[in-house]
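I have placed the structure first, in the form of structure tokens, so that the comments after it can refer back to it.
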Amino acid sequence: MSAVQSAPIAITLPDGSVREVAAGTRCIDLAEQISHQLAKKAVGARIEGKLADLRTPLERSVRVEIVTADDPDGLTFLRHSAAHLLAEAVTELWPETKVAIGPVIADGFYYDFDRPEPFSSEDLEQIEKVMRKHAGAAEPIERTEVPHDAAMAKVTGFLGQGEIYKAEILEGILAEPGSVVSFYRQGTFTDLCEGPHVAHTGLIRHFKLLSVAGAYWRGDEKNKMLQRIYGTAYFKEDDLKAHLHRIEEAARRDHRKLGKELDLFGQYDDIGPGLILWHPKGALIRNEIETFWRKAHYEGGYDLVYTPHIAKTTLWNKSGHTGFYRENMFSGMDVDGQEYLVKPMNCPYHIQIFNNRTRSYRELPLRWAELGTVYRYERSGVLHGLLRVRGFTQDDAHLFVRPDQLESELDRVIDFVLYILRTFGFAKFEAYLATRPEKFVGEPAMWERATKALADALVKNGLDYEVDEGGGAFYGPKIDLKLKDTLGRSWQCSTIQVDFNNPERFDMKFTGSDGKEHRPVMIHRALMGSMERFFGCLVEQYAGHFPLWLAPVQCSVFPISEDVDEAALQVADRLRKAGLRIDYRDASDHLNARIKEAQLAKVPYMAVIGKREAEAGTVALRLASGKQEVMAIADLVGRLTREVQDKSLPS
RNA sequence: GCCGAGGUAGCUCAACGGUAGAGCAGCUGAUUCGUAAUCAGCAGGUUGUGGGUUCAAAUCCCAUCCUCGGCUCCA
């Protein structure tokens, strides 16, 4: 510690109190002054809200928070340093490796490397060992800041060492006037890095390297493919264990695994990638969902339409799809000398219906919904189970509204989507409001109004949202709702898009009360998004334990032995007549075996009938939890039908 | 599309240059049982596909299709 300047500065702490310290006091010293305990737990600091190293000297009167391991941001420090530790180990093991970037991500960190040979899983173990060695040595992690002119020399230095990526990053930093160039060093490893980091590698004790994957330099496929090593790190061993356990748990809920186990759907080599075949049980669930969906739509003031899978190319020229969407469309087919294309969207068809005759302002809003099956070419590498496919059925609808109805209609849609999603038990969404991009069609004033209407509708319905500035389509602003899968990946299901473009393109109009022609506004919306993706999310959401109204088999009925067959058959019959889906298994297998089988098939209820029940006219109901309840047959029927009726969620 | 890993019986996996095997599921028979696997027998595969190397290929090589982990994109 060098001599500190005499002028005291005032540090504001999170509790609002102000503490005077000498200028130049480091964050760690400040922590020590507050309490020794705090200093011991400190991993970093937040200065005016910005994360900083513990050794950062305080030169001015600022607001400071000490970040401890318990602070959510504490992991940022740890994981960033873990990424450096990874790079330190890799460059020690294979000195010819070039390093790119190593940031912190949601559940851990990664580092991108350029190395001719691929990293194997054995390599990961070896790397971990070397990481542990350096962690054990508790190497101090030291920051140095370099003035721009000195940094310029570093660029050529990096290039000389073949560190082309670092050179490129540094050039980028230097291009920004007033930017700070900083390096972090631990042991013999130095990295160009903004920070922040923990004080020494000894804090990085509980970590694991998880996977290797290819990743383009700067995410651009025109650039070289690098090798990305993913890992995670925690302060506490239990947290790391819990994280690894979560990964295993997620794998157990994976819709692809459950889809196979429960015989819900399949993909076939002879059919083609990204094309789903719904097996009877999956189809039954889908049918229940669709029945609910149709009813909700009729009740919600929608009309349903059906449109064909193909249309002449001229339609897609008019809609603009052959211009801006061509690379996602399957190639055309010749029909009597006319080219037809398979539909990637349903909207042009719905517009045709609208344009079929003149429309009065009194008719609007028109709400037309369709479970429309569309096909989109997706690059082979992005396909993923049911969540990303090439053929899928959208729960699509187009709302044709007068401009003055925009606000009320958007509010109504948001309310509706929440009703639908909540029925399935989804409670956590990520909402994004995408605003006007640089290239756009329509009037800026109209854009502003529509964007505000979308935002108001979100707020009114109690949804927090993030603004995706400039992320809207060229034809209008939109709201996307995302659901999270068990692997923490979020999938966009619901989308609500305002469209100023198609009404123009198709010259849509309605006659207003003034007798003049007006342009309607169009809203595209999908609530579940696609049946495939939504179903995939549902399987994971429920871990295969569907709520009773969706369960392919709702109740298995087991006679304990042959002599109560008749009584058990009567129970099955009564349940079936009440509209329930029943699986009857006679006593040719032992009761235990039948129970096990039904349990593995995730059948919600099992009704067991033995001599006692047959005599009393009761059943022994086994719940999914394994608990049993004896009840009268009429009570059983009532209980199950009520549960179906209410669409109760599994507890 | 790109980088990497992988495709063996319906499912989960073994065999990794020398005749392809197990458990579960299936079928047949016996067992009639009180809440997660009764017993026995039988059957089941041109090892994703096509080529090549070899006396011999599931195994080695090439191509191709598909799946998986990511990059990028979207419902």
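Computed from a predicted structure; not experimentally measured. Naming: A, B, ... by sequence-line order, numbering from 1 per chain.
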Rounding to an integer number of angstrom, what distance separates B:A14 and B:C60 when you compare their P atoms?
15 Å

With sugar-phosphate meaning primed atoms plus P, OP1 and OP2, does A:G214 contact a base, only sugar-phosphate, or nothing at under 4.0 Å between heavy atoms?
base

In whole angstrom, give the distance that lies between atom CG of A:L386 and atom P of B:C68.
10 Å

Counting the atoms with a prime plus P, OP1 and OP2 as sugar-phosphate, which does A:G385 contact under 4.0 Å by heavy atoms, base, sugar-phosphate, or nothing?
sugar-phosphate

For RNA chain B, write out the stems as range with range, using runs of 3 or more consecutive Watson-Crick or G-U pairs with both distances under 3.5 Å.
B:1-7 with B:65-71, B:10-13 with B:21-24, B:26-30 with B:38-42, B:48-52 with B:60-64

Salt bridge flag under 4.0 Å for residues A:K602 and A:E261:
no

Calculate the interatomic distance between A:L383 atom CG and B:C71 atom P; express it in whole Å.
15 Å

Do the side-chain N or O atoms of A:S211 get closer than 4.0 angstrom to the phosphate oxygens (OP1, OP2) of B:G69?
no

Looking only at side-chain atoms of A:P118, point me to the closest of B:G4, B:G34, B:C74.
B:G4

Using the P atom as the point on both nucleotides, what is the distance between B:U54 and B:G4, in whole Å?
29 Å

Per atom distances to the A:R622 side chain, the nearest of B:U32, B:U38, B:U35 is B:U35

In plain terms, say whether A:D480 and A:K478 are close enough for a salt bridge, that is, a side-chain N and a carboxylate O under 4.0 Å apart.
yes

Give a yes/no on whether any side-chain N or O of A:K260 is located under 4.0 angstrom from OP1 or OP2 of B:U12.
yes

Euclidean distance, atom CD of residue A:E221 to atom P of B:U72 [Å, nearest integer]
10 Å

Using the C1' atoms only, state how far B:G23 lies from B:U19, rounded to an integer number of Å.
23 Å

Judged by modelled atom types alone, do A:E168 and A:W217 share a side-chain donor-acceptor pair under 3.5 Å?
yes

Taking OP1 and OP2 of B:U35, is either one under 4.0 Å from a side-chain nitrogen or oxygen of A:N592?
no

Between A:R379 and A:E327, is there a side-chain N and carboxylate O pair less than 4.0 Å apart?
no

Any donor-acceptor N/O pair under 3.5 Å between B:G70 base and A:Y216 side chain:
no

I want to verify a distance call: between B:U35, B:A75, B:G4, whose nearest atom is closest to the A:V608 side chain?
B:U35

Under a 3.5 Å cutoff, is there a donor and acceptor pairing between the side chains of A:R622 and A:Q599?
yes

Looking at residues at least two apart in the chain, or sitting in another chain, which of them share a ring-ring contact (aromatic ring centres under 6.0 Å, His included) with A:F113?
A:Y111, A:F119

Does A:A598 reach a base, just sugar-phosphate, or nothing at all? Heavy atoms under 4.0 Å.
nothing

Check every atom of B:C2, B:G69, B:A75 against the side chain of A:M225 and return the nucleotide holding the closest atom.
B:C2

Hey, is the side chain of A:Q267 poking within less than 4.0 Å of OP1 or OP2 on B:U67, counting only N and O atoms?
yes

Between A:R228 and B:C3, does any side-chain N or O lie under 4.0 Å from OP1 or OP2?
no

Euclidean distance, atom CH2 of residue A:W217 to atom C1' of B:C2 [Å, nearest integer]
18 Å

Distance check: side-chain N/O of A:R525 vs OP1/OP2 of B:A75, anything under 4.0 Å?
no

P atoms of B:C11 and B:C68, separation to the nearest Å
15 Å

Less than 3.5 Å apart, any donor N or O on the side chain of A:T91 or A:T97 sitting next to an acceptor on the other?
no

Expressed in whole Å, how much space separates the C1' atoms belonging to B:C66 and B:G50?
15 Å

Calculate the interatomic distance between A:R379 atom CZ and B:U67 atom P; express it in whole Å.
16 Å

How is A:V374 classified with respect to the nucleic acid when contacts are heavy atoms under 4.0 Å: base, sugar-phosphate, or nothing?
nothing

Result of checking A:V413, A:I479, A:L421 against A:S494 for side chain to side chain contact (heavy atoms under 4.5 Å, CB included)
A:L421

Among the nucleotides B:A75, B:A36, B:C68, which one has an atom lying closest to any side-chain atom of A:K596?
B:A36

When you compare B:U47 with B:C42, how far apart are their C1' atoms, in angstrom units rounded to a whole number?
23 Å

Could you check whether A:E290 pairs with A:R294 (Lys NZ or Arg NE/NH1/NH2 to Asp/Glu carboxylate O, under 4.0 Å)?
yes

Selection from B:G34, B:C74, B:U67 that lies nearest to any side-chain heavy atom of A:E378
B:C74

B:U35 phosphate, OP1 or OP2, under 4.0 Å from A:R585 side-chain N/O
no

Ion pair present between A:E532 and A:R376, side-chain N to carboxylate O less than 4.0 angstrom?
no

From the list B:A75, B:U35, B:G70, which nucleotide is the closest neighbour of the side chain of A:A213?
B:G70

Among the candidates B:A36, B:A75, B:U35, find the nucleotide nearest to the side-chain atoms of A:R533.
B:A75

Assign each of A:G272 and A:S561 to its nearest nucleotide of RNA chain B by heavy atoms, then name whichever residue's nucleotide is nearer the 5' end.
A:S561

Could a donor-acceptor pair under 3.5 angstrom be found where the side chain of A:E613 meets the base of B:G34?
yes

Applying the 5.5 Å / 30° rule, does A:F119 stack onto the base of B:G4?
no

Is there a side-chain contact between A:Y377 and the phosphate of B:G1, meaning an N or O under 4.0 Å from OP1 or OP2?
yes

Once you round it to whole Å, what is the distance between P of B:C71 and CG of A:D220?
14 Å

Would you classify A:G381 as touching base, sugar-phosphate or nothing, given that sugar-phosphate means primed atoms plus P, OP1 and OP2, and contacts are heavy atoms under 4.0 Å?
base

Considering only the P atoms, how many Å lie between B:A15 and B:G21, rounded to the nearest integer?
14 Å

Using only modelled atom types and a 3.5 angstrom limit, is any donor from either the side chain of A:H590 or the base of B:U31 paired with an acceptor on the other?
yes

Would you say A:E469 and A:T435 are linked by a side-chain donor-acceptor pair, where the criterion is simply a distance under 3.5 Å?
yes

Spacing between A:M345 atom CE and B:C74 atom P, to the nearest angstrom
10 Å

Check this one for me: any side-chain N or O of A:Q394 less than 4.0 Å away from OP1 or OP2 of B:A75?
no

Output the rounded distance in Å from CD (A:E370) to C1' (B:A75).
15 Å

Output the single nucleotide from B:C33, B:C74, B:A36 whose closest atom is nearest the side chain of A:R388.
B:C74

Please confirm whether any donor atom in the side chain of A:R594 sits under 3.5 Å from an acceptor in the base of B:C33, or the reverse.
no

Note: for A:N328 and A:D269 on RNA chain B, the residue whose nearest nucleotide lies more 5' is A:D269

Please classify the nucleic acid contact of A:F558 as base, sugar-phosphate, or nothing, using heavy-atom distances under 4.0 Å.
nothing

Below the 4.0 Å mark, does B:G69 have OP1 or OP2 next to a side-chain nitrogen or oxygen of A:H384?
yes

Electrostatic pair A:E629:A:R639 at N-O distance under 4.0 angstrom:
yes

What nucleotide among B:U72, B:A36, B:G69 has an atom nearest to a side-chain atom of A:V382?
B:U72

